[in-house]
Amino acid sequence: MELNVKQSGIERRILTSTYRKTRREKITKRVHELYLRNDIACGWPTCSKCSFDPEARTLADLNNETRSSLAPYKHVLIVDAQCVLKFIDVFHHEVFKNTIILQSVWNHVKRLNPAIYKKMNQLYLDGPSDYFVYMNEFSAETFVDTSASLPKESDLEENLIKAVQYFQLHWKNSGVRPVLLCSSDEVRNKIKPVFENSFTMIEYVKGITNATDLYERLCDLDSKEERGRALFPEYLSQDEMLDGLARGIYKKGSFKLSLENYLEANILFDDATQWFVQGRVNMNRAINGDTVVAALLPKEQWTCPEKVIRLRDAEEQQAKEMLEGSEDLHDEEGIKAAKRTKLEILPTAKIVGVLKRNWRSYCGLILPANIEKGKRFLFAPSERLIPRIRIETSHYEELRGKKIVVAIDSWPRDSFYPRGHYVRTIGVEGERETEDEVILLEHEIPHHKFPPAVFDCLPKMPWTPQASPERLDMRDLDICSVDPVGCTDIDDALHCKILEDGNLEVGVHIADVTHFVRPDTAMDQEAALRSTTVYLCGRRIDMLPDLLSSNLCSLRDDGPRYAFSVVWKLTPEAEILNTRFHKSLIHSRAALTYQRAQDLVDNKPLEEIFDDLVASDALDAKKEIFERLRISLKQLMALSKKLKVRRVGHGALQLASSEIRFDVDPTTGTPIKVIEKAHLPTMSMVEEFMLLANISVAEKILAEYPDCAILRRHPVPEQAAFKPLVELAKACGFEINPQDGKTLAESLDTAEDPKNPMVNTMLRMLTTRCMTQAVYFPAGTLPHTLYIHYGLAARVYTHFTSPIRRYADIMVHRLLATVINADKVHPAMLDRKRLVKQTDNMNYRHRQAQYASRASTLLNTHLMLKANPEKNPLDSFVIGIRKNGLQVMVPKYGLETVIIFPATLAKTDEEVLEIAKQYIRPFQKVKVKLELVEKNFRKKIEVTLVEPKIEGLNTESIEIGSIE
Amino acid sequence: MNVNVSLSNGEKNYIIDGVQDGMRADGRGHFDYRPIFIESGVLATTDGSARIRIGTTDVLVGIKAELATVENTQEAVNRIKFFVDFSANATPQFEGRGGESYALEIANTLYEAYNNDNVLPDLSKLILSKTHMWVLYADIVLLQYGGNIMDAASLGVRTALADTKLVNVVVRPADEGKLMVDLPDERKLWSLDVSKVPLVVEASKIGDVSVVDATIIEENCATSSLFVGIMPPECDYNPSAPSVSDDDCVLTLVRKSKGGSLELESIEEMINTGVRAARELNKALIKRLNEEVMEPYKPTIHRSQTFLH
């Protein structure tokens with residue numbers, strides 16, 4: 001006897017069971033209860049049979065009888081899952097308003113393709129009356145029992161059929177009919193006998209007048225792959241790969257294309273070893289970043305890198321563009337392995353399968369077709385490491401010269417290029433906004449506006465800091481900040497006071513961001529996602545809203561601010577006697593620039609330094625303060641020099657990077673002037689105290705939280721990584737000893753060429769490239785010996801001093817605040833899994849931000865050269881020699897390029913390049929001419945060698961980008 | 001083993017004399033069963049389940065398949081593991097550990113009956129790889145004691161096995177030369193072939209005749225009893241197979257229960273009684289189960305009754 005009390009629209013209960021594998025490798029059965037209902041509204045606004053919640057979303061009562069000739073009646077569209085997966089990029093079109101997405105379709109898309117699911121979800125959220133989701137899996141009328149062992153595809157079809165039949169019947173008297181849109185003819189043919197109003201999406205759109213655009217777009221997306229001659233070996237099946245991996249025949253690793261030669265790549269494995277891959281066939285359609293499975297080739301096929309520069313642009317120029325249909329892997333023949341001496345050959349592998357694709361959407365340009373009025377085009381992504389993508393479009397004229405976004409769909413075996421489809425247009429190529437957007441998109445930098453929830457976390461203005469007993473009142477101290485010109489997000493300020501016993505009190509005061517950014521609020525989550533502020537030339541993408549970045553947190557001199565202070569007692573010899581940490585209230589006396597601070601230290605008269613204040617008579621009132629600051633700064637400067645000497649003595653490296661800045665016209669946004677950043681002693685001074693603060697904080701939080709302190713480490717580089725540097729230096733007569741940090745620092749100091757002061761800078765620059773980047777990590781995830789920061793020669797290190805622009809600092813602030821009992825512990829601070837995830841994200845964002853800044857510098861170089869062409873040859877230096885090219889650095893723009901010679905002309909033994917009886921050696925000064933040229937609608941900087949002059953030489957150059 | 005009921009000598013004599021005369025106290029003949037109710041699929045969370053009621057006896061059986069990792073499946077014992085639990089609710093005598101030894105006897109008897117390669121040939125399909133195998137557990141819970149637990153338990157196990165559905169898995173190589181078991185993308189279930197699964201019947205000696213399906217009171221009057229397990233001959237489930245007489249049936253188990261000694265002739269007679277009852281029981285059960293298979297989807301709970309005359 002079954003007894004039920006049903007108070008809502010429950011029709012019946014069913015049990016469904018699923019099987020899953022547990023973490024302990026057991027297979028378990030799970031039973032779910034499911035209550036099927038009869039009160040789920042169909043969505044039609046005037047339906048007499050369903051009752052509606054007036055708040056609920058409904059379909060719109062559109063008069064679409066005349067829309068498509070195929071359905072001359074009022075109708076609602078229902079789409080199958082493949083339609084969503086295939087055509088999602090056109091769903092925003094108004095033709096698709098009033099579409100029902102079934103729950104089963106929704107779930108299928110969600111399971112199959114998260115990226116498309118995200119788009120679908122956004123579509124649903126964006127248009128309140130465009131799309132309606134019908135919960136067919138909960139409705140008694142449309143439920144299909146999938147617990148019987150049916151294959152998934154037919155489940156979906158059955159769900160569709162049941163749902164459309166239900167709507168048909170349900171709306172019989174409502175004057176509206178369901179229309180089913182299928183993705184393909186096969187599905188349509190299968191369903192048509194049981195449900196008459198089934199069409200393919202393309203048929204339906206074809207029947208619409210004035211929608212040829214949409215029709216063509218759909219055809220482009222739908223285009224079938226025709227099978228041709230297979231150009232690439234077949235991938236192994238998932239099972240074969242797993243089997244091979246288990247038996248050790250294959251290895252799984254990450255595919256990294258060579259930066260110099262697009263036909264060479266390495267596969268990096270977890271155990272830090274790598275295999276070499278050469279040629280298109282062996283690379284077998286892998287794209288940079290994919291997780292691939294590779295098999296080692298027999299030893300006699302092992303080879304080594306060609307040491308030839310091959311870049312897609314140049315190669316294809318020379319090969320005069322392959323014609324459509326006649327594509328071949330002919331360039332394979334071009335590879336002539338370098339002399340295979342036994343020492344040089346590397347373990348060489350071929351790729352047998354791809355486990356995980358690293359595909360995303362790419363920005364780039366469409367290339368002109370070779371065939372007139374063709375529909376197939378090649379798309380050149382901005383990122384050099386990504387191959388050309390073939391797309392089909394009927395709108396070439398509209399897309400020409402625009403930066404567009406293209407997604408890869410597949411890479412069939414018979415196709416030379418991966419196939420993709422057009423997603424959207426960003427803007428006209430070469431325009432500042434377009435290019436900035438491209439940089440942000442390409443580096444996956446979140447740059448959307450802050451959502452309202454974030455603004456809700458901000459304090460209500462007007463807001464002023466209040467003195468409170470927990471905060472140490474330091475407003476009486478003469479604190480000042482020293483920053484670059486135009487800096488509005490002031491993170492740090494300093495003070496120095498002479499104590500009665502002759503010792504010195506030095507304080508580093510950091511903006512107290514965590515007072516405003518509380519854990520797990522919307523603002524905190526947004527900041528955690530962004531992880532860093534990104535600086536492009538003339539644009540800043542903030543990590544925190546402007547109110548905090550530039551006002552409440554920024555330690556400006558216009559009022560009191562909350563700060564987090566590190567205060568040391570130092571001897572005049574800069575030995576630390578004690579360290580204290582306080583939450584504090586400070587009032588900065590002045591926001592100085594590096595130059596002004598330097599002028600103060602250099603005893604320049606105040607009238608000269610603060611010439612802007614003289615006119616307004618404001619200087620007199622502040623004279624006394626500035627004089628006091630002058631004394632403080634001098635003491636700080638003296639201390640910092642001692643600190644630096646000690647640090648360098650411990651083996652800290654001083655590395656060089658060419659830093660340039662553009663003077664940007666504030667109205668037009670075009671760069672006017674390029675300025676090489678001058679180095680001032682005050683910069684080192686501030687840096688030295690920031691390092692000291694970071695180290696002090698790192699030691700403190702590590703002592704208190706050995707399992708979850710956020711630290712920053714810089715791995716000790718492998719000796720092998722220095723090999724190219726040591727050899728290059730040797731060629732120029734210098735000895736570099738990379739045994740440890742100290743010997744390296746010392747040998748770099750001695751490697752000076754009196755005739756060419758740039759040699760030392762370049763050596764330091766190249767040293768940087770031998771090392772891996774510093775990374776954040778939670779303590780306890782690595783052995784203690786790996787905590788070390790190699791570059792700074794610090795046992796432990798962290799980031800504490802820039803919480804306005806780095807999320808790591810916020811995490812460290814929170815930890816330190818709990819250590820000094822100024823704040824409570826939030827569970828997220830101790831959750832190891834979350835910390836690892838967050839540090840991974842910070843490392844990724846940090847890296848991307850750096851790349852984006854560099855890309856922005858390069859972009860500005862372009863804009864600059866466009867506005868003010870460089871007429872005179874520029875000084876530049878050779879930093880590397882390859883078989884067919886020179887790596888050249890142009891210091892004025894921080895630009896690094898490669899000049900390629902026809903391989904027949906040049907002779908090289910990698911130390912000296914001989915070309916037309918001219919010898920070129922590494923680090924040699926040469927003169928080059930820069931020119932902005934346009935090729936294939938792509939603008940690039942062409943670099944030609946002017947001095948030494950080589951007759952009859954036709955060179956190509958490739959821009960590598962601005963360097964670190 | 002026995003559940004004791006206080007009976008006076010007079011009462012005992014009445015019952016024994018009645019049985020001798022072919023008339024049991026409740027009006028049944030020697031080979032009559034009380035009404036039997038069978039439900040299968042009663043516990044959704046098991047892989048197969050059944051509930052059997054014979055008169056007032058009430059037994060719940062659940063089959064669970066568990067994935068086991070062993071050194072070498074060739075050497076592992078590939079048999080169903082039986083666990084019997086006598087609930088204290090079944091009779092007050094089972095309180096605490098009261099029912100333990102009786103429960104163990106039932107479990108051991110079932111294990112014996114199933115302990116050969118012929119009764120459940122599909123056991124070989126449970127071996128997945130050199131290191132992986134499914135192990136079947138049969139959990140038998142006695143909800144109420146009304147006599148004749150053995151028949152109820154064996155019917156229950158057999159029905160639950162018929163209801164058991166196992167999920168198809170694939171074996172894939174994992175790291176270090178080991179293997180791992182994974183679920184394939186497409187889910188498939190399979191059932192065991194239960195046509196040869198043994199039925200065990202208890203034949204009780206009351207006076208000098210043997211009866212089946214003894215009640216508690218009758219059990220207290222019996223001098224001895226015998227568990228008889230048979231592997232159902234093919235003709236009982238396949239009408240086209242040549243018929244087999246009771247004498248040619250394959251016995252998988254003969255085991256004496258309770259005290260008292262038995263003469264050889266008595267044993268022979270009791271075996272005959274057991275075989276006959278078991279075959280009848282089996283035929284009725286197959287008929288019933290087939291009816292269920294033909295009508296697989298019923299919105300209400302599956303419920304079937306089996307009367308054996």
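Just so it is clear: chains get the letters A, B, ... in the order the sequence lines come, proteins before strands, and each one is counted from 1.
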* May I have all residue pairs that pass salt bridge (Lys or Arg N to Asp or Glu O under 4.0 Å) and include part of residues 33-42 of chain A, sequence neighbours excluded? => A/R13-A/E33, A/R37-A/D39

* Output yes when B/D122 and B/K125 qualify as a salt bridge under the 4.0 Å nitrogen-oxygen rule, no when they do not. => yes

* Structure fact -> Under 4.5 Å to a heavy atom of chain A? For B/D47 that would be both

* To do: With chain A as the partner chain, list the residues of residues 146-160 of chain B whose heavy atoms fall under 4.5 Å from it, by residue number, and write 'none' if nothing qualifies.
  => none

* To do: Identify whether the distance between the nearest side-chain nitrogen and carboxylate oxygen of B/R53 and B/E39 falls below 4.0 Å.
  => yes

* Asked: So, B/R51 and B/D58, do they make that salt bridge, N to O below 4.0 Å?
  -> yes

* With sequence neighbours left out, write down each residue that passes salt bridge (charged side-chain N to carboxylate O under 4.0 Å, His left out) with A/D243, or none if nothing qualifies. => A/R247

* Partner set under salt bridge (charged side-chain N to carboxylate O under 4.0 Å, His left out) for A/D409, not counting sequence neighbours -> none

* Structure fact -> Bottom line for A/K21: the part with an atom under 4.5 Å from chain B's heavy atoms is both

* Could you tell me which portion of B/V169 (side chain, backbone, both or neither) has an atom closer than 4.5 angstrom to a non-hydrogen atom of chain A? => side chain

* Does the pair A/D80/A/R188 count as a salt bridge with the N-to-O cut at 4.0 Å? -> no

